[in-house]
There are 2 protein chains.
Amino acid sequence: MPTKYKGTSREVLALDTFIKLARCFASVQAQVLPHLQRDFGLTESQFAVLEAVLHLGPLSPGHLCQKILRSGSNVTTVVDNLERDGLVTRERHETDRRIQMVSLTEHGRTVITGALPAHVARIAEALTVLSNDEQLVLGRICRKLGIALAPA
Amino acid sequence: MPTKYKGTSREVLALDTFIKLARCFASVQAQVLPHLQRDFGLTESQFAVLEAVLHLGPLSPGHLCQKILRSGSNVTTVVDNLERDGLVTRERHETDRRIQMVSLTEHGRTVITGALPAHVARIAEALTVLSNDEQLVLGRICRKLGIALAPA
DNA sequence: AGCATATATTTCGATATCGAAACATTGGAC
DNA sequence: GTCCAATGTTTCGATATCGAAATATATGCT
């Protein structure tokens with residue numbers, strides 16, 4: 001049992017569960033992110049932004065915020081770097097000029113469509129340790145917890 | 001289904017599962033970390049270092065590395081900040097002078113023993129959406145995955 | 001002893017990340 | 001039309017995070 005904390009049994013169970021959740025997530029990330037970086041020069045957040053724009057079309061920083069679960073100021077930074085590297089462009093919304101729209105450049109589209117299958121394959125590879133049933137159960141419980149805690 | 005990716009059914013299941021895992025982990029963190037910061041002025045990594053040293057006694061940066069699952073250079077930075085704030089001290093190991101030993105100051109001990117119960121309570125609170133059985137199953141599957149992917 | 005290799009830590013440069021404050025634009029109240 | 005509150009984005013200062021290179025010490029080989 002990883003937990004050294006003395007508390008109620010309810011607390012010990014929750015902490016123990018959460019520690020396993022955190023370690024398992026970290027393990028998958030460690031399995032997967034270095035390749036994204038080395039093979040495609042993309043950080044996790046850069047990948048997330050490109051993937052969102054690929055699948056949803058041009059998005060504002062505000063929408064990207066919600067999609068990638070990061071703060072607005074962080075999205076600004078990540079998009080800055082993607083723009084500098086020529087993977088996305090920013091354009092003001094025509095009718096509401098407070099809003100910026102982030103779009104893929106041709107190069108950006110090429111990069112993300114190249115990186116995506118390899119990235120998915122690595123995730124699938126990492127999860128092969130679990131049976132289909134285990135993956136389904138894991139997904140169901142995570143979904144329940146995630147939805148219950150989702151902001152608003 | 002969150003996944004827009006077209007791939008084999010095995011890939012779709014794995015990706016779908018992983019996305020739920022990631023979102024659920026992020027949700028719990030979002031529920032818990034702001035309090036750690038606001039109530040005790042601790043970041044997640046600072047908390048992790050203090051907690052490890054509290055429970056395991058003085059540790060080298062190398063051991064802290066393994067415990068908190070971060071790079072060596074990151075541990076250096078985190079310990080730098082903790083030292084600056086008077087929560088830990090660094091001392092050279094007596095026989096092997098390559099090694100530094102990180103210890104809690106009195107103040108550090110006070111801070112971590114104050115923060116720990118509140119932090120655990122918040123985690124337990126977040127996990128109450130899951131039944132005991134669900135927590136056990138979640139923990140078991142996460143452990144299996146974490147162990148399978150653990151380095152070495 | 002001298003030297004090469006291994007181990008432990010730090011430094012460096014880059015990106016990520018946050019919250020608060022600043023800035024820009026819109027839209028409603030009057 | 002003017003002002004003000006709301007909305008969207010960026011700026012700013014701080015910490016986290018990584019990998020590669022530099023530094024310091026130890027250890028084994030000769």
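First the proteins, then the strands, lettered A, B, ... as listed; each starts at 1.
- One atom, CZ of A:R92, and another, C1' of C:dA24, lie 7 Å apart when rounded to the nearest Å.
- For the pair A:D85 CG and C:dA16 P, the computed distance is 9 Å after rounding to whole Å.
- B:F25 and A:F25 have tilted rings, their planes meeting at an angle from 30° to 60° on a 0 to 90° scale.
- Spacing between atom CD of B:E83 and atom P of C:dT9 amounts to 14 Å, rounded to whole angstrom units.
- Within the nucleic acid shown, B:E44 has no heavy atom closer than 4.0 Å to any nucleic acid atom.
- Both A:S60 and A:R38 lie near DNA chain D, and the one whose nearest nucleotide falls closer to the 5' end is A:S60.
- Within a 6.0 Å radius of CZ in B:R38, no more than 12 heavy atoms belonging to other residues, nucleotides or ligands are found.
- Salt-bridge formation is not detected for the pair B:R84/B:D80: no Lys NZ or Arg NE/NH1/NH2 atom is positioned less than 4.0 Å from an Asp or Glu carboxylate oxygen.
- One can place CZ of A:R70 at 12 Å from P of C:dG19, the figure rounded to the nearest angstrom.
- Within 4.0 Å (heavy atoms only), B:G62 reaches sugar-phosphate atoms of the nucleic acid but no base atom.
- Crowding of B:R143 atom CZ: a count of heavy atoms from other residues, nucleotides or ligands under 6.0 Å not exceeding 12.
- Put simply, B:S73 has no side-chain N or O that comes within less than 4.0 Å of OP1 or OP2 on C:dT9.
- OP1 or OP2 of D:dA24 has not a single side-chain nitrogen or oxygen of B:Q100 nearer than 4.0 Å.
- Of the side-chain N and O atoms in A:N81, none sit less than 4.0 angstrom from OP1 or OP2 of C:dA14.
- Toward the 5' end of DNA chain C, the nearer of the two residues A:S45 and A:T95, judged by each one's closest nucleotide, is A:S45.
- Residue contacts for A:R90: at a heavy-atom cut-off of 4.0 Å it reaches the sugar-phosphate backbone alone, with no base atom in range.
- Between the side chains of A:E44 and A:Q37, no donor N or O sits under 3.5 Å from an acceptor N or O.
- The base of C:dT7 sits within donor-acceptor range of the side chain of B:R98, with an N or O pair under 3.5 Å.
- A 6.0 Å sphere centred on NZ of A:K144 holds more than 12 heavy atoms belonging to other residues, nucleotides or ligands.
- Evaluation of atom-type donor-acceptor distances gives no pair under 3.5 Å for the side chain of B:S71 against the base of D:dG19.
- Rounded to whole Å, the distance from CD on A:Q37 to P on D:dG19 is 9 Å.
- Separating the CG atom of A:L64 from the P atom of C:dA16 is a distance of 13 Å, rounded to the nearest angstrom.
- Spacing between atom CG of A:D80 and atom P of D:dC12 amounts to 12 Å, rounded to whole angstrom units.
- In the set C:dA16, C:dT17, D:dT15, D:dT15 carries the atom at the smallest distance from any side-chain atom of B:R84.
- Residue B:H93 contributes atom NE2, which lies 13 Å from atom C1' of D:dA26 at whole-angstrom precision.
- Here the side chain of A:R97 is nearest to one of C:dT10, C:dT15, C:dT25, namely C:dT25.
- Of the candidate nucleotides C:dT11, D:dG8, C:dA8, C:dT11 has the atom nearest to the side chain of B:T76.
- Distances shown here put every side-chain N or O of A:T43 at or beyond 4.0 Å from the OP1 or OP2 atom of C:dT15.
- Comparing D:dT15, D:dT9, C:dC18 by their nearest atom to the side chain of B:Q46 picks out D:dT15.
- The residue B:D96 sits close only to the backbone: its heavy atoms come under 4.0 Å of sugar-phosphate atoms, none of a base.
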